[in-house]
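All remarks here apply to the structure that follows.
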Amino acid sequence: MTAVDFLAFTRGPLFDVALIIFIAGLAIRFVEILVLGRRRDFSEPRRGGFGSGLRTMFSRTLPETGTMKRAPTTVVAGWVFHIGFLVTLLLFVPHIEMFQAVLGFGWPGLPTPIIDFAGILAMVAMVVVLINRLRNPVMRFLSGFGDYLPWLLTFLPLITGWLVFHRLLLPYPAMLGLHILSVELLMILFPFTKLMHTFTAFLARYYTGAAFGRKGVQS
Amino acid sequence: MQIDETTPNAARSAASGDDRTLGALLAARGVSRRAFLKYSSYLASLLALPASMAPAMAASLAKAQRQSVIWLSFQECTGCTESLTRSLSPTLDDLIFDFISLDYHHTLQAASGHAAEEARMQAMEAHKGKYIVAVDGSVPVKDGGIYSTIAGMSNLDILEETTKDAFAVVAIGSCAAFGGLPLADPNPTGAVPVTELVTDKPVINIPGCPPIPEAMAAVLAHVLTFGILPELDSLGRPKSFYGESVHDRCYRRPFYDRGEFAESFDDEGAKKGWCLYKLGCKGPATSNACATVKWNGGTSFPIEAGHPCLGCSEPGFWDMGGFYRALSVPTGDVARIAAVAAGAGVVAGAAAGALHRATKSAARGKHHTVTVEELEEK
Ligand code: SF4
């Protein structure tokens with residue numbers, strides 16, 4: 001298989017397969033959670049849960065002062081990573097072209113030097129959180145395969161993408177093929193790993209917020 | 001590499017019937033020394049050689065004798081020959097035809113039929129081990145290679161016979177270098193590139209549909225001057241021409257970096273000359289010198305004319321998922337696939353959720369509260 005065949009395969013049939021698993025997997029897991037629902041709460045609500053639920057989806061995204069004091073590295077590097085990653089993923093024009101093909105609509109992108117910088121920030125932050133995890137005995141004890149795999153699945157698209165952009169290491173078609181392959185791996189395993197938190201985190205926050213709201217407690 | 005008068009030169013000794021040196025030949029044709037030196041420095045610059053090497057190159061070329069070239073045309077469209085012979089600066093690029101003795105070439109030779117084949121055999125005999133075989137077109141190998149024959153011989157047999165005693169083989173154009181159009185899906189004739197068949201001789205690939213004429217001229221000049229092949233990349237292409245991507249040298253690159261793209265062929269962006277990535281430009285994946293050497297005597301190149309790069313000098317460019325599809329866009333019908341997958345996922349998720357609910361309520365239904373008395377009985 002030549003580099004070009006490989007690229008054609010990753011852009012073609014393999015992407016289709018990855019897309020099916022990714023989308024169907026996301027839908028299955030999400031709908032399953034929703035259908036399962038929560039136990040009926042018979043108590044009389046003090047306040048409506050809906051508004052509180054929505055608010056909590058955002059408020060719990062912001063770092064809490066206590067956590068910031070206890071684990072500043074996790075908070076700062078975590079934020080830097082998430083922003084860098086999302087900027088690279090969502091605001092790089094070639095990526096937007098891909099989203100447009102799948103979703104039917106696109107949005108404006110950012111100049112490439114900014115994307116380049118965001119990608120580097122994301123990778124540095126990922127290395128920092130990994131070292132932090134390995135150096136902290138408690139975190140290391142709590143971490144297993146299920147934590148390291150998502151790290152790798154996220155890091156590979158970043159590093160290969162950066163190498164494609166700068167035309168390093170391998171000829172462009174081969175490197176682009178590898179980049180797409182790494183994204184497909186991420187897509188295929190996404191619904192079945194902790195990466196699912198991208199979506200379920202907000203659902204969980206909503207549930208918590210809504211329950212607290214009913215009880216009239218601040219969340 | 002040091003070049004002096006004693007530079008061993010395999011190609012130089014490849015004397016053709018006319019044993020005058022190139023210098024003598026050019027002088028007889030009225031080409032001034034100055035014009036020749038200018039041409040040499042032009043070639044040297046194309047080959048990314050230091051300017052100081054141009055006089056040495058000129059001296060070396062002047063002393064060389066004409067290089068015998070046998071040109072084989074297989075499954076091709078003659079576009080490569082057209083590209084070479086119609087270059088707009090005849091005083092410069094046509095000079096290459098003075099450097100070589102084109103002993104066999106379907107389109108350009110006067111002889112035809114058996115006389116033509118006779119010329120090929122004669123050249124092979126006279127310059128054994130020294131002649132260069134240029135090939136344009138791919139070679140069909142399916143069904144014993146019957147899909148393209150010349151004088152009753154399959155391309156496969158002619159290639160084998162002709163390259164056996166060659167000094168080197170130059171695959172000109174994407175068909176010869178990578179299979180090109182004949183090899184494109186579904187490849188009905190079982191076309192293969194030259195490198196797949198010639199494994200015991202050095203093969204230089206000069207891909208492009210067609211290749212830049214200067215690349216061909218400069219590579220031949222390199223062989224004539226130094227007697228060795230130029231430095232090649234992993235795909236057998238001379239690095240001096242194929243070392244950089246079209247994208248990296250494209251004058252529209254600042255627009256790409258700023259995020260300014262033409263969205264269609266006639267929108268404001270297109271009129272302002274913005275980047276053609278979204279219109280399918282393959283410049284980022286294409287290694288060629290179009291953006292620097294340009295075409296038609298340095299006039300322009302496709303992107304300058306407002307059309308995205310097709311990536312014609314890369315392997316398999318016909319099957320890259322469409323000329324007008326951006327490189328980052330998947331080639332399948334992804335919007336439909338995503339919609340169907342989402343629909344199926346929702347249904348499956350609802351079913352799984354309902355099943356869990358049923359299990360849960362069944363378990364709750366079976367549950368009965370144990371009283372203290374019951375416990376005490378046991
Ligand atoms: S027009 Fe093509 S080669 Fe030029 S900058 Fe845009 S994508 Fe790159």
Side-chain angles (χ1 to χ4, degrees), chain A residues 2-5 7-8 10-37 39 91-98 100-104 106 108-116 164-165 167 170-174 176 179-180 191, chain B residues 178-179 185 233-235 244-245 247-248 253-254 256-261 263 275 277-278 282-287 311 314-317 319-321 325-357 360:
Chain A
T2 65
V4 171
D5 294 337
L7 176 60
T10 54
R11 276 176 83 206
L14 198 58
F15 189 86
D16 296 349
V17 172
L19 188 68
I20 291 172
I21 299 179
F22 178 66
I23 301 270
L26 278 189
I28 290 175
R29 291 213 50 194
F30 217 72
V31 172
E32 190 183 3
I33 295 171
L34 288 178
V35 169
L36 205 51
R39 181 183 282 192
L91 298 175
F92 184 45
V93 171
H95 294 167
I96 300 171
E97 285 296 287
M98 186 272 294
Q100 171 132 32
V102 176
L103 302 172
L110 283 180
T112 52
I114 300 180
I115 305 291
D116 189 16
V164 186
F165 181 73
R167 309 177 58 82
L170 288 179
Y172 194 93
L176 181 60
H179 174 60
I180 298 176
Chain B
F178 303 133
D185 196 36
D233 69 6
S234 61
L235 290 173
E244 279 179 302
S245 75
H247 184 62
D248 282 348
R253 180 60 186 269
Y256 173 91
D257 286 331
R258 276 207 295 274
E260 292 174 329
F261 297 91
E263 306 278 341
C275 170
Y277 184 89
K278 289 188 179 180
K282 305 292 181 295
T286 308
S287 303
E314 291 297 317
F317 80 100
D319 296 323
M320 287 284 273
R325 189 190 290 262
L327 208 51
S328 63
V329 172
T331 52
D333 188 0
V334 283
R336 238 193 54 207
I337 292 174
V340 172
V346 168
V347 172
L355 198 73
H356 295 324
R357 279 186 85 108
K360 210 163 89 177

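Naming convention: chains lettered A, B, ... in sequence-line order (proteins, then strands); numbering from 1 in each chain. Any value given below was found using the heavy atoms of this structure, including those in side chains, with hydrogens, waters and symmetry copies removed.
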request  = Enter the distance from B:Glu314:CD to A:Tyr172:OH here, rounded to the nearest 0.5 Å.
outcome  = 11.5 Å

task = Please flag which part of A:Phe22 lies under 4.5 Å from any non-hydrogen atom of chain B: side chain, backbone, both or neither.
result = neither

Which pairs of donor and acceptor atoms, one on a side chain in residues 337-350 of chain B, lie under 3.5 Å apart (sequence neighbours left out)?
none

query = Do the rings of A:Phe92 and B:Tyr256 sit parallel, tilted or perpendicular, given the 30° and 60° boundaries?
reply = perpendicular

key: Pairwise distance OG(B:Ser328) to CD(A:Gln100) - rounded to 0.5 angstrom   = 10.5 Å

query = When only pairs under 4.5 Å are counted, which of B:Asp248, B:Asp333, B:Leu235 shares the most heavy-atom pairs with chain A?
reply = B:Asp248

ask   = Out of A:Met98, A:Glu97, A:His95, which one racks up the most heavy-atom pairs below 4.5 Å with chain B?
value = A:Glu97

remark   = Looking only at B:Val329, B:Thr331, B:Asp257, the option with the highest number of non-hydrogen pairs under 4.5 Å against chain A is B:Asp257

key: Winner by heavy-atom pair count (cut-off under 4.5 Å) against chain A, out of B:Ala351, B:Ala352, B:Gly259, B:Pro315   = B:Pro315

key: Side chain to side chain, B:Cys275 and B:Glu260, heavy atoms closer than 4.5 Å   = no

inquiry  = Using a 4.5 angstrom heavy-atom cutoff, name the option from B:Arg258, B:Met320, B:Lys278 with the most pairs to chain A.
reply    = B:Lys278

remark   = Interatomic distance, CG@B:Leu327 vs OG1@B:Thr286, rounded to 0.5 Å, equals 8.0 Å

inquiry  = Between A:Ile20 and chain B, with a heavy-atom cut-off of 4.5 Å, which part of the residue counts as in contact: side chain, backbone, both or neither?
reply    = both

Please list every donor-acceptor pair under 3.5 Å in which a side-chain atom of residues 26-37 of chain A meets a protein atom from a residue at least two apart or in another chain.
from: A:Arg29; atom 1: NH1; to: A:Pro191; atom 2: O; distance (Å): 2.7
from: A:Glu32; atom 1: OE2; to: B:His356; atom 2: NE2; distance (Å): 2.6

remark   = Whatever's closer than 4.5 Å to a heavy atom in chain B on A:Leu14 counts as neither

inquiry  = Which atoms of A:Val102 are under 4.5 Å from chain B, going by heavy atoms: the side chain, the backbone, both sets, or neither?
reply    = both

inquiry  = Heavy-atom cut-off 4.5 Å, strictly under: side chain, backbone, both or neither for B:Arg357 against chain A?
reply    = both

